[in-house]
Visitor: 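One structure is given below, represented as structure tokens, and several questions about it will come after.
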There are 2 protein chains.
Amino acid sequence: MDMSLDMKSSGMKSSGMKSSLIKSKRPTLQDVANLVGVTKMTVSRYLKDSNQVSPQLRIKIKEALDDLGYIPNRAPDILSKSKSHAIGVLLPSLTNHVFAEVIRGVESILEPAGYQTMLAHYGYSQEAEEARIATLLSYNVDGLIISESYHTERVRKMLSVAGIPVIEIMDSTSPPIEQAIGIDNQAAAYAMTECMIKKGHSKIVYFAARMDQRTLLRLQGYKAAMHDNGLTDLCISTDSASSFSMGEQFMKEALEKQPDTDGIFCTNDDLAIGALFACQKAGIKVPEEMGIAGFHGHDIARVMVPLLATVITPREEIGRLAAEHLLSRLKGNPVTEKVINLPFKIEPGESI
Amino acid sequence: MDMSLDMKSSGMKSSGMKSSLIKSKRPTLQDVANLVGVTKMTVSRYLKDSNQVSPQLRIKIKEALDDLGYIPNRAPDILSKSKSHAIGVLLPSLTNHVFAEVIRGVESILEPAGYQTMLAHYGYSQEAEEARIATLLSYNVDGLIISESYHTERVRKMLSVAGIPVIEIMDSTSPPIEQAIGIDNQAAAYAMTECMIKKGHSKIVYFAARMDQRTLLRLQGYKAAMHDNGLTDLCISTDSASSFSMGEQFMKEALEKQPDTDGIFCTNDDLAIGALFACQKAGIKVPEEMGIAGFHGHDIARVMVPLLATVITPREEIGRLAAEHLLSRLKGNPVTEKVINLPFKIEPGESI
DNA sequence: CCATGAATTGTTACCTGTAACATTATCATA
DNA sequence: TATGATAATGTTACAGGTAACAATTCATGG
């Protein structure tokens with residue numbers, strides 16, 4: 001039996017040196033095959049469908065695999081088929097718990113389907129978004145889930161050239177590259193503002209942080225509702241990230257700028273909760289003297305005293321749906337709905 | 001000029017068909033080279049260090065790259081060098097915001113260093129952990145950050161065979177595979193329990209969810225402190241995940257089982273916040289009639305009324321340090337400290 | 001006892017970028 | 001002009017698993 005060709009890999013492992021001292025390379029199929037005395041093709045067949053291999057060999061191959069601790073290697077497959085079984089997920093931020101829930105939704109679908117998630121974030125910078133997308137594509141991801149709706153020309157070109165399915169998530173109002181899944185942020189903010197007005201609030205201030213596209217859309221919705229009801233809008237904002245303490249700070253600012261403020265609508269629950277606690281500390285009664293509403297439906301909003309008014313958004317479902325539609329497209333199905341507009345829910349709670 | 005060999009890839013793209021109709025393969029270096037009229041090696045040199053290529057070619061190559069929208073491909077490199085520039089991060093859960101902060105810390109180091117994060121989670125199941133680790137290794141990750149301290153024999157074998165640096169995070173008390181970074185959960189729980197006792201609470205109940213290893217360690221610390229002070233311990237727990245509403249529910253349960261309960265120590269802030277709001281709803285004064293403490297130092301704990309007593313843990317720093325030490329090891333540096341024990345901080349707040 | 005076909009195993013080529021080595025072009029100096 | 005050095009470009013081989021095709025084995029029926 002001529003094994004000269006087969007001995008290329010695996011070095012001279014059998015020469016009796018203590019393996020713990022050798023920086024031994026991770027075993028390949030060839031190493032397993034050498035141990036059994038067959039070609040790597042036979043071992044490959046065993047791994048894909050053991051029925052293709054004779055019963056005697058099955059036992060020996062299994063032993064060899066366990067013995068060497070063989071770990072499958074996707075690299076050759078990725079190279080030859082350009083299929084990685086990995087999905088790139090690109091989000092603006094990991095700080096925001098909203099995106100953590102999106103990831104959870106995505107993973108709940110991808111993981112059972114045997115797909116690996118490659119996570120990246122770009123801190124709301126378009127330059128960084130370009131770089132992250134290039135990186136994800138360099139790993140030959142089979143599909144991409146991205147957020148935001150504005151993309152540079154270079155990003156669009158890369159996505160087009162890559163030829164993989166892309167799904168944009170979070171907002172449903174901009175024309176998608178291929179397919180978008182999200183909510184109508186502007187309509188949601190309009191609805192909540194109207195709800196606050198109906199409850200009797202009129203000097204409502206908008207709290208915004210991280211002026212990304214979705215926040216701007218919500219701001220527009222708020223302004224439209226105020227205007228349609230003959231009220232004056234006022235926005236307090238920052239470019240940095242939102243936080244509970246930012247909400248506290250904004251509350252003070254609002255009362256300075258407009259002492260008769262009787263309502264606060266926040267671009268997310270973090271700010272709203274901070275504002276609410278600031279009122280409690282200052283002895284301002286919520287909702288009698290100050291109505292406070294948030295956005296997204298943070299878990300805590302459903303247990304706190306008073307219950308926070310908020311717009312309940314289907315973050316996790318957005319993630320799930322994005323993953324499901326991506327998998328469907330990977331199976332070759334065409335895009336059925338270019339835009340999937342999910343419903344939001346106005347939860348008045350006890351704070352407005 | 002004989003180009004017969006060079007025309008293998010790229011098909012017959014130049015034959016005037018509308019490229020938008022062709023399911024065109026993503027361009028390779030060969031395609032770029034064909035367009036310029038050089039070999040792919042020259043283009044490869046340009047990409048790595050454009051000085052290695054003549055000035056005239058530089059211009060033409062740049063044009064061709066832009067024109068075709070070439071995207072680098074890591075697959076060949078991963079195959080031939082077994083280096084992916086990707087780091088696997090394996091966490092028990094993505095639901096828990098504590099882990100979201102760990103991820104943030106990890107990414108804050110890995111991303112600027114040019115490493116890609118491959119995220120996976122295993123829902124506290126050892127079987128799933130095995131599968132996830134095998135998957136991450138199949139992508140040839142250059143290093144791994146994992147949590148938990150107990151691992152199956154198969155996991156240990158895989159990690160050993162893979163020969164890549166591995167860092168375990170979250171707890172610092174178990175002997176690590178190679179290196180561990182975390183806090184002493186047991187000592188932290190002991191300290192907080194003692195603090196509650198000193199504040200005058202004695203019938204303290206422990207709320208636990210998701211009985212993972214860290215929760216069990218904290219429970220031990222609580223029990224030890226109670227015992228050392230001659231007090232009786234009582235634990236209310238569930239195997240499912242913690243949540244704010246779970247904390248509310250536990251509060252009712254505690255008062256049924258032990259009506260004179262005057263303190264609650266929770267394995268995390270979610271439960272504590274839920275318990276606190278339950279007290280507010282029931283008219284139980286905190287901390288006068290009921291002391292409540294949490295664990296981790298959720299952002300909200302620092303703004304709520306009353307301020308929540310909690311153990312402030314350096315989640316993000318754990319992530320950062322893990323990534324930094326991993327990068328250091330990838331540069332060839334040896335493990336300097338097998339265990340890095342980070343300090344926690346007892347924050348009494350206003351709720352005990 | 002050989003032909004037939006199914007079952008089993010082997011062989012070759014391929015995917016793409018780059019290290020290592022080889023070749024050709026360019027230029028200054030003897 | 002020849003020569004050697006340097007710059008620029010080309011050629012070959014390789015990483016590891018698998019598709020596609022080839023070869024071998026073996027049992028069964030004619």
Side-chain angles (χ1 to χ4, degrees), chain A residues 1-11 25-34 36-61 65 68 70-85 137-140 162, chain B residues 1-11 25-34 36-61 65 68 70-85 137-140 162:
Chain A
M1 200 188 303
D2 180 10
M3 295 184 72
S4 55
L5 276 171
D6 291 341
M7 292 306 284
K8 279 187 297 185
S9 348
S10 91
K25 218 169 39 77
R26 161 173 160 175
T28 67
L29 272 196
Q30 185 68 65
D31 297 321
V32 179
N34 288 345
V36 178
V38 293
T39 59
K40 56 182 181 169
M41 196 60 225
T42 306
V43 184
S44 172
R45 288 196 182 99
Y46 170 86
L47 289 174
K48 295 194 71 181
D49 174 13
S50 61
N51 288 326
Q52 288 186 46
V53 166
S54 66
Q56 312 91 289
L57 271 185
R58 272 176 228 169
I59 297 163
K60 290 173 76 178
I61 291 176
L65 287 168
L68 294 177
Y70 175 77
I71 303 164
N73 184 356
R74 283 186 202 249
D77 229 50
I78 297 177
L79 177 57
S80 57
K81 298 213 234 335
S82 299
K83 287 261 174 275
S84 60
H85 262 68
L137 292 177
S138 79
Y139 284 101
N140 292 275
Chain B
M1 197 188 305
D2 179 10
M3 295 184 71
S4 55
L5 276 170
D6 291 342
M7 291 306 285
K8 277 187 298 185
S9 347
S10 92
K25 219 168 37 75
R26 158 173 164 176
T28 68
L29 272 197
Q30 184 68 65
D31 297 321
V32 178
N34 289 345
V36 178
V38 294
T39 59
K40 56 181 179 168
M41 196 60 226
T42 305
V43 184
S44 172
R45 287 196 182 98
Y46 170 87
L47 288 174
K48 294 195 73 182
D49 174 14
S50 61
N51 289 326
Q52 288 187 47
V53 166
S54 65
Q56 312 91 288
L57 271 186
R58 270 176 229 168
I59 297 162
K60 291 173 75 179
I61 291 177
L65 286 168
L68 294 177
Y70 176 76
I71 304 164
N73 183 357
R74 282 186 203 250
D77 230 50
I78 297 176
L79 176 57
S80 58
K81 300 213 232 337
S82 301
K83 287 260 174 277
S84 61
H85 262 68
L137 292 176
S138 79
Y139 283 100
N140 292 275

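As the structure is a prediction and not an experimental result, all values here were calculated from the model. Each chain gets a letter, A, B and so on, in the order the sequences are listed, and its residues count up from 1. Excluded from the calculations below are hydrogen atoms, water molecules and symmetry mates; all remaining heavy atoms, backbone and side chain alike, are included.
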Visitor: Identify the pairs formed between an N or O of the protein and an N or O of nucleotides 24-28 of chain C at a distance under 3.5 Å, and give each distance.
Guide:
none

Visitor: How far does OG1 of A:Thr39 sit from CG of A:Asn34, to the nearest 0.5 angstrom?
Guide: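 It is 10.0 Å, given to the nearest 0.5 Å.
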Visitor: Please report, rounded to the nearest Å, how far the P atom of D:dT18 is from the NE2 atom of A:His85.
Guide: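 Checked: the NE2 to P distance equals 13 Å.
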Visitor: Classify B:Ile78 by what it touches in the nucleic acid, base, sugar-phosphate, or nothing, heavy-atom distance under 4.0 Å.
Guide: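 Counting heavy atoms under 4.0 Å across all strands, no contact is made by B:Ile78.
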Visitor: Without decimals, in angstroms, what is the distance between A:Lys60 NZ and C:dT9 P?
Guide: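 Spelled out: NZ on A:Lys60 to P on C:dT9 is 10 Å.
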Visitor: Taking CG from B:Leu47 and C1' from C:dG17, how many angstroms apart are they, rounded to a whole number?
Guide: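 One finds 10 Å between C1' of C:dG17 and CG of B:Leu47, rounded.
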Visitor: Would you indicate what A:Asn51 reaches in the nucleic acid, counting non-hydrogen atoms under 4.0 angstrom: base, sugar-phosphate, or nothing?
Guide: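 Since only primed, P, OP1 and OP2 atoms lie under 4.0 Å of A:Asn51, the category is sugar-phosphate.
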Visitor: Which atoms form the tightest heavy-atom contact between A:Ala33 and A:Lys40, and what is the distance?
Guide: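 So the minimum-distance heavy-atom pair works out to CB-N, 3.5 Å.
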Visitor: Nearest-nucleotide wise, let me know which of B:Ser82 and B:Arg58 is further upstream toward the 5' end of DNA chain D.
Guide: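 Result: B:Arg58.
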Visitor: What residues form a salt bridge (charged side-chain N to carboxylate O under 4.0 Å, His left out) with B:Lys81, not counting sequence neighbours?
Guide: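 Listed in chain order: B:Asp77.
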Visitor: Can you tell me which nucleotide in D:dG10, C:dT16, D:dG17 comes closest to the side chain of B:Val38?
Guide: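 That would be D:dG10.
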Visitor: Between N or O atoms, less than 3.5 Å apart, protein on one side and nucleotides 19-23 of chain D on the other: list the pairs.
Guide:
from, atom 1, to, atom 2, distance (Å)
D:dA19, OP1, A:Lys48, NZ, 3.0

Visitor: Would you mind reading off the distance between A:Gln52 atom CD and D:dT18 atom C1', rounded to a whole angstrom?
Guide: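 Distance, rounded to whole Å: 11 Å.
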Visitor: From CG of A:Asn34 over to P of D:dG17, roughly how many Å is that when rounded to an integer?
Guide: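 My rounded result for the distance is 12 Å.
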Visitor: Can you list everything that forms a side chain to side chain contact (heavy atoms under 4.5 Å, CB included) with A:Ser82? Sequence neighbours excluded, please.
Guide: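 Here the qualifying residues are A:Asn140.
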Visitor: Could you check how far CD of A:Gln30 sits from P of C:dG10, rounded to whole Å?
Guide: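 From A:Gln30 CD to C:dG10 P: 11 Å.
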Visitor: Please check the phosphate of D:dG16 (OP1 and OP2 only) for any side-chain N or O of A:Tyr70 closer than 4.0 Å.
Guide: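 A:Tyr70 to D:dG16 OP1/OP2: no side-chain N or O under 4.0 Å.
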Visitor: Kindly point out which of C:dT18, D:dT18, C:dT8 is positioned nearest to the side chain of A:Ser54?
Guide: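 The nucleotide sitting nearest to the side chain is C:dT8.
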Visitor: Without decimals, in angstroms, what is the distance between A:Asn73 CG and D:dT18 P?
Guide: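 In whole Å, D:dT18 P and A:Asn73 CG are 9 Å from each other.
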Visitor: Counting only side-chain nitrogens and oxygens, does B:Ser44 get under 4.0 Å of the OP1 or OP2 atom of C:dT18?
Guide: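 So the side-chain polar atoms of B:Ser44 do come within 4.0 Å of the phosphate oxygens OP1 or OP2 of C:dT18, strictly under.
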Visitor: Could you tell me, to 10°, how much the axis swings from one end of the helix from C:dC1-D:dG30 to C:dA30-D:dT1 to the other, five pairs per end?
Guide: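 The angle, to the nearest 10 degrees, is 60°.
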Visitor: Whether A:Lys25 contacts D:dG16 is assessed here as follows: a side-chain N or O lying under 4.0 Å from the phosphate OP1 or OP2. Is that the case?
Guide: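 Answer is yes, contact under 4.0 Å.
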Visitor: Would you please confirm or rule out a distance under 4.0 Å between OP1 or OP2 of C:dT8 and any side-chain N or O of A:Tyr46?
Guide: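 It does not, given that no N or O in the side chain of A:Tyr46 lies less than 4.0 Å from OP1 or OP2 of C:dT8.
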Visitor: Please set out all donor-acceptor pairs under 3.5 angstrom arising from side-chain atoms of residues 45-61 of chain A, sequence neighbours excluded.
Guide:
from, atom 1, to, atom 2, distance (Å)
A:Asp49, OD1, A:Asn51, N, 3.2
A:Arg58, NE, A:Ser50, O, 3.0
A:Arg58, NE, A:Val53, O, 2.9
A:Arg58, NH2, A:Val53, O, 3.0

Visitor: Would one find a side-chain N or O of A:Thr42 under 4.0 angstrom from OP1 or OP2 of C:dG10?
Guide: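 So the side chain of A:Thr42 is within the cut-off, an N or O lying under 4.0 Å from OP1 or OP2 of C:dG10.
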Visitor: Considering only heavy atoms from C-beta outward, does the side chain of B:Tyr139 approach that of A:Ile78 to under 4.5 Å?
Guide: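 Yes. Closest side-chain heavy atoms under 4.5 Å.
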Visitor: Atom CG of A:Leu79 to atom P of D:dG16: distance rounded to whole Å?
Guide: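 Atom CG in A:Leu79 sits about 12 Å away from atom P in D:dG16.
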